[in-house]
2 protein chains.
Amino acid sequence: MYTQLKQFLARNMAADEATLDAFCQKFRLKKTGRNELLLSVGEVCPYIYFVNSGCLRIYMMDLNGKESTRFLVTEGRFGTAFPSFTLQEPSVAYIQSIEPTEVLYINHKDFKALLDEVPGWERVYRINLERDYIASIKRIESLITMDATQRYKQLMETSPALIQRLPNRIIADYLGISQETLSRLKSKKS
Amino acid sequence: MYTQLKQFLARNMAADEATLDAFCQKFRLKKTGRNELLLSVGEVCPYIYFVNSGCLRIYMMDLNGKESTRFLVTEGRFGTAFPSFTLQEPSVAYIQSIEPTEVLYINHKDFKALLDEVPGWERVYRINLERDYIASIKRIESLITMDATQRYKQLMETSPALIQRLPNRIIADYLGISQETLSRLKSKKS
DNA sequence: GATCAAATTTGACAAATGTCAAATAATTAA
DNA sequence: TTAATTATTTGACATTTGTCAAATTTGATC
């Protein structure tokens, strides 16, 4: 149950088994089905999730019902409606399990406590924030410098598994394009 | 010289004057002119900057010479070519002072040392990372959900001072649109 | 203040992408 | 397996945005 979370920690943190266990025990397990909603717009996101298996999708919906995917979180990664969870304010995004998914979750108060109580965890968390922030900078760059074709091509190179795994519709609104445009890009490929 | 940096620290950190002084003394002062280049593509970014006055611009340039602005950093904020500085790898972006600018700067090694040596600093830095990351998430959202008109309107609401202060060209490539399109949006406004 | 350079605006047109509708294909659930 | 749902593709067209060129305005420098 905690195997992957421990691996995640051990990668960046020199901690003994007791510390790792104490850390992990703050998390609880949840299993969800396909297309299950974990958070709705307007709610304050209470949890941050660690994905053991499956895939979480954080997405927005506009007035016409058009969806846009902010993030996709697969095995071995933390994910949440980050602004809502961090600032404890109402979310503008939904969280959904696209596939049957197994997650570990912890509430905001306990998560903050971990930062105070577990030596080394604040550093590990900070380094992960840096990594996530860098990933978001690269995504911003691709959105302001590349057209749809280039963005799709880049995603194929960096995350081919995602493209195989997820429906077209979700890949499209992750890239910020319509599914029809994506469909045409895929066929027009040389 | 260190007034603003101390204020920045004091906002989130309970530290005595001696600690603040020790912290600040790791930074050196630099004054730049208009449109001066602080970092070029391909270089490993050695410094993170704290802007006392003026404005830094982190931007990219494509093969045709078209520029895109990744970030704008004004008074009282830290800024750098973040992926390059953090990972100490070659930068894909330039750093430029758009206006005559006064910055404090510190190299990567010393900056990392601060995280170990100054109690409370890692927390302050982590909280700022969270804030910057949240800002970048909101920017991604605006890029995948809004058209040019909406993005400009949003920028007018959140940062009217930036629009007044900076040339059209830079606002445009920060929004990911051409300057001609921006010019038309401004006149067509109802 | 005059001159030069840079920034902005405007027009005409081209290219990219979105929208809507329908047809087809694939997947899920009974 | 079949029926029902969901996903994907395709066509026709509308809309948005980009590109290039030129005119105009603004601002910097001597």
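Values reported hereafter were calculated over all heavy atoms of this structure, with side chains retained and with hydrogens, waters and symmetry mates removed. In what follows, every chain begins at residue 1, and chains take the letters A, B, ... in the order their sequences are listed. Predicted model only: the values in this text are computed from it and were never measured.
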Handout entry: Bend angle of the helix from dG1(C)-dC30(D) to dA30(C)-dT1(D), from helix axes over five pairs at each end, nearest 10°
Key =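 Axis angle across the helix from dG1(C)-dC30(D) to dA30(C)-dT1(D), nearest 10°: 60°.
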
Problem - Side-chain N,O (S178(B)) to OP1/OP2 (dG18(D)) below 4.0 Å - result: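 True: S178(B) side-chain N/O within range (under 4.0 Å) of dG18(D) OP1/OP2.
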
Practice task
Report yes if a side-chain nitrogen or oxygen of S183(A) is closer than 4.0 Å to either non-bridging phosphate oxygen (OP1 or OP2) of dT8(D); otherwise report no.
Solution key: no

Exercise for the section: Could you tell me the separation between the CD atom of E99(A) and the P atom of dT28(C), rounded to a whole number of Å? Expected result: 11 Å

Practice task
Could you state the atom-to-atom distance from CG of L143(B) to P of dT17(D) in whole Å?
Solution key: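 Roughly 12 Å, once rounded to whole Å.
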
Do any N or O atoms of the protein come closer than 3.5 Å to N or O atoms of nucleotides 12-14 of chain C, and which pairs are they?
unit_1: dA12(C); atom_1: N6; unit_2: R184(B); atom_2: NH2; d: 3.4

Completion exercise
Sorted by chain and number, sequence neighbours left out, salt bridge (charged side-chain N to carboxylate O under 4.0 Å, His left out) with D116(B) holds for R123(A)

Practice task
Could you list the residues that satisfy salt bridge (charged side-chain N to carboxylate O under 4.0 Å, His left out) with R139(B), not counting sequence neighbours?
Solution key: none

Handout entry: Geometric class of the Y133(B)/F71(A) ring pair [parallel <30°, tilted 30-60°, perpendicular >60°]
Key =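 F71(A) and Y133(B): tilted rings.
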
Problem - ILVMFWY cluster membership beyond L37(B) - transitive side-chain contacts under 4.5 angstrom - result: V41(B), Y59(B), M61(B), Y94(B)

Handout entry: Apart from L143(B) itself, residues in the same hydrophobic cluster as defined by side-chain heavy atoms under 4.5 Å
Key = M60(A), I140(A), L143(A), I144(A), M60(B), I140(B), I144(B)

Handout entry: Set of residues satisfying side-chain contact (heavy atoms from CB on, under 4.5 Å) with respect to N64(A), sequence neighbours excluded
Key =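 Result, side-chain contact (heavy atoms from CB on, under 4.5 Å) vs N64(A): D62(A).
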
Problem - Those residues that, when tested against K6(B), pass side-chain contact (heavy atoms from CB on, under 4.5 Å) (two or more places apart) - result: Y2(B), E17(B), L20(B), D21(B), C24(B)

Listed pairs, N/O of protein and of nucleotides 22-25 of chain C, under 3.5 Å:
none

Handout entry: Along DNA chain D (nearest heavy atom to each residue), the more 5'-positioned of D147(B) and I170(A)
Key =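 On the 5' side of the pair lies I170(A).
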
Practice task
Verify whether one side chain among R57(A) and Q96(A) offers a donor that lies under 3.5 Å from an acceptor in the other.
Solution key: yes

Exercise for the section: Hey, could you give me each pair passing side-chain hydrogen bond (donor to acceptor under 3.5 Å, both in side chains) that has a residue in residues 75-85 of chain B? Not counting sequence neighbours. Expected result: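 The answer is E75(B)-R165(B), R77(B)-D132(B).
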
Fill in the blank from the handout: Quick tally for nucleotides 21-30 of chain D: nucleotides whose base has a protein heavy atom under 4.0 Å get B, sugar-phosphate-only ones S, the rest -, giving ----------

Completion exercise
With sequence neighbours left out, the residues meeting side chain to side chain donor-acceptor pair (under 3.5 Å) with E180(B) are none

